[in-house]
Amino acid sequence: MGFNSRRSGCSPWLRVFLVASGAVMLAGFATCAAAYGQDDTRTAGADRTQASKGQIVIGDEAIDPIQPIKPDFVITVVVSGESEPSGSYKVDSVGKVSIRYAGIMTPVSVKNMTPAQAQDAIASFLKTYIKNPVVSVTITDIPRASVFIGGAVRVNGKAYINSDTTLLDVITRAEYTEAADLSQVKIIRRDQPDAIYVDFEKFIHSRRGEKVDEGLNPPLKDKDRIWIPSRSAPGATGTISIFGEVTRPTAGVPLRSTAPMTVREVVNLAGGPTLTADRHRVSVRRFGMDKPLVVDLDKAEQGDLANNIELRADDTVYVERLDENAYINVNGGFVRPGKLIYDKRTTLTQAIAEAGGPAPYAKTKKGYVQRHPDSDPKHTRIIPFNFNDILAAKSQDIELQAGDAIYIEPGGPPRSSMGPLEWLGALTSTSYLFNSISGRRLD
């Protein structure tokens, strides 16, 4: 058994070359297969690390594995033999997850379903693309009780708590700054009309043997809002904070005592809104008010006093993020594939131009727009287009809707023709590799 160089007409040197070529090919196949199988796992791990960065989480809570799925749950979907739709998904505010397949995200409703029922719903959607899909769904994270902490601390924002979490637990993890005035910690509670003021400074500096007043370290409740004021800087009457979709989220911005500070000015001080900011939803959280004030940043920048409101001490400005359906997804053969913000009337040619145009060798004659008119995958519309014909005015441009997905197959450069010697070498290498794996002789 084995390769006979005399019978095959190959020299020993050619035999060595073919063995090496086969080894390289096998190594390449193994590397590609490993990378393909590990891609989603690596991404999911990176996303999980990023999600926990700079966030306060106290303790842990057990998850009921068969409870109904609700908004803000995180579920893990595993589709047997399919890496693309498999992964972690966060349930949106209306109870849907956007399942990935063929480079396109499609919303599937799992609201109030058990994991077993969600498996059936996702499998039903995937039957459009996969024959008899085998799906498993697991709840991996659920919303927890939380409080909001802001002011003179290094970690501002939401803090996840347990039933026995106290003010001390949250303040120490939020890392109060040297400028923090701990003698006037303010707590706003949903079921109480008046704010609670705590002299936390006295609690942490109690003397040994002295009876500690536990009332200065109260247990916290879900949706409590905690404010750590800063010692006023010269010429300032307090501080404000700005978070959310801004370039430089900042806590403890001194509030001037001369000219009033406005929403527009504070957003600009934070470097301006990011590309994913919802400019029409900027909320101002003000202690003593149950609901935040919501303003439009575009109108504020135009000088509209109803939106460019004056800020007060301890206000928190929060720039909201655009909803998931406020995007257009551009996938496949484009120079810059990804998400485009849908904030005005947009046509197909405008969206493709914003994505840098088709990539070289993209199959521009066979594109399509995938549309979910009512977010139901059963009502998905596929709108084919020939981009070349649209540019030549032979076909009408397509007006896009929020949530549309555009796809053009990437394609590749044309293969050059092979000469007789190249054909002979390729056939010989392929034949040898096959017979080496199968153990057959080349007689």
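Quick caveat: nothing in here was measured; it's all calculated off a predicted structure.
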Would you give the length of the straight line joining atom OH of Y342 to atom CG of N329, rounded to the nearest 0.5 angstrom? 13.5 Å
Got a second to check how far L216's CG is from E201's CD, nearest 0.5 Å? 11.5 Å
Indicate yes or no for a side-chain donor-acceptor contact from N217 to the backbone of L168 under 3.5 Å, with no hydrogens or angles considered. yes
Identify whether the distance between the nearest side-chain nitrogen and carboxylate oxygen of R321 and E245 falls below 4.0 Å. yes
Given side chains that start at C-beta, do those of Y101 and I130 come closer than 4.5 Å, heavy atoms only? yes
Which distance, rounded to the nearest 0.5 Å, do you find between the NZ of K394 and the CG of N388? 9.0 Å
Once you round to the nearest 0.5 Å, how far does CZ of R173 lie from OG1 of T165? 7.5 Å
With a 6.0 Å cut-off (strictly less than), is the heavy-atom count around CD of Q396, excluding the residue itself, greater than 12? no
Would you indicate whether F387, at its atom CZ, is surrounded by more than 12 heavy atoms from other residues, nucleotides or ligands within a distance under 6.0 Å? yes
The side chain to side chain contact (heavy atoms under 4.5 Å, CB included) partners of D72 (sequence neighbours excluded) come to K90, P143
Side-chain donor-acceptor pair under 3.5 Å between N307 and R264, yes or no? no
Is there a donor-acceptor pair closer than 3.5 Å between any side-chain N or O of N268 and the backbone N or O of E265? no
Are more than 12 heavy atoms, taken from residues, nucleotides or ligands other than I382, located less than 6.0 Å from that residue's CD1 atom? yes
Have a look at V147 and tell me which of I56, L167, D222, L220 forms a side chain to side chain contact (heavy atoms under 4.5 Å, CB included) with it. L220
For K111, I'd like to know if atom NZ has over 12 heavy atoms of other residues, nucleotides or ligands within 6.0 Å. no
Got W227 and I188 here, is their nearest side-chain heavy-atom distance under 4.5 Å? no
Does the pair K202/D199 count as a salt bridge with the N-to-O cut at 4.0 Å? no
Please identify which of these residues, K363, K365, K366, meets the salt bridge (Lys or Arg N to Asp or Glu O under 4.0 Å) condition with E409. K363
With distance as the sole test, does N162 use its side chain to make a donor-acceptor pair with the main-chain N or O of D164 at under 3.5 Å? no
Rounded to the nearest 0.5 Å, how far apart are CD1 of I139 and CD1 of I75? 8.0 Å
Do the non-hydrogen side-chain atoms of K70 and N112 ever get within less than 4.5 Å of each other? yes
Heavy-atom count around R312 CZ within 6.0 Å, excluding the residue itself: above 12? no
Looking at S98 and M105, what are the two nearest heavy atoms and their distance? O-CE, 3.3 Å
What's the verdict on side chain to side chain contact (heavy atoms under 4.5 Å, CB included) for M261 and L269, showing C-alpha distance, side-chain angles and the deciding distance? CA-CA 11 Å; M261 295 180 71; L269 285 174; 3.8 Å; yes
Is Q117 reaching over with its side chain to a backbone N or O of T114, donor-acceptor style, under 3.5 angstrom? yes
Salt bridge check: are K186 and D314 linked by an N-O gap of less than 4.0 Å? yes
I'd like to know whether T140 forms a side-chain hydrogen bond (donor to acceptor under 3.5 Å, both in side chains) with T138, so could you lay out the CA-CA distance, the side-chain angles of the two residues, the decisive distance to 0.1 Å, and finally the verdict. CA-CA 6 Å; T140 52; T138 307; over 6 Å; no
Quick one, D191 and K221 - any side-chain contact, counting heavy atoms below 4.5 Å? yes
The criterion is ring pair (Phe, Tyr, Trp, His ring centres under 6.0 Å); which residues satisfy it with F203, sequence neighbours excluded? F200
Any sub-3.5 Å donor-acceptor pair from R279's side-chain atoms to L297's backbone N or O? no
Got more than 12 heavy atoms from elsewhere within 6.0 Å of OH, Y197? no
Assess the pair Y407 and Y368: is the distance between their ring centroids shorter than 6.0 Å? yes
Check whether any side-chain heavy atom of D404 lies under 4.5 Å from a side-chain heavy atom of I406, and answer yes or no. no
Would you call S86 and V79 a side-chain contact if the rule is heavy atoms closer than 4.5 Å? yes
Rounded to the nearest 0.5 Å, the OH atom of Y318 sits from the CZ atom of F148 at a distance of 8.5 Å
Looking at Q67 and D64, would you say the former's side chain and the latter's main chain have a donor-acceptor pair under 3.5 Å? yes
Would you mind reporting whether S241 and V317 have side-chain heavy atoms less than 4.5 Å apart? no
Side-chain contact, heavy-atom cut-off 4.5 Å: R144 with I161? no
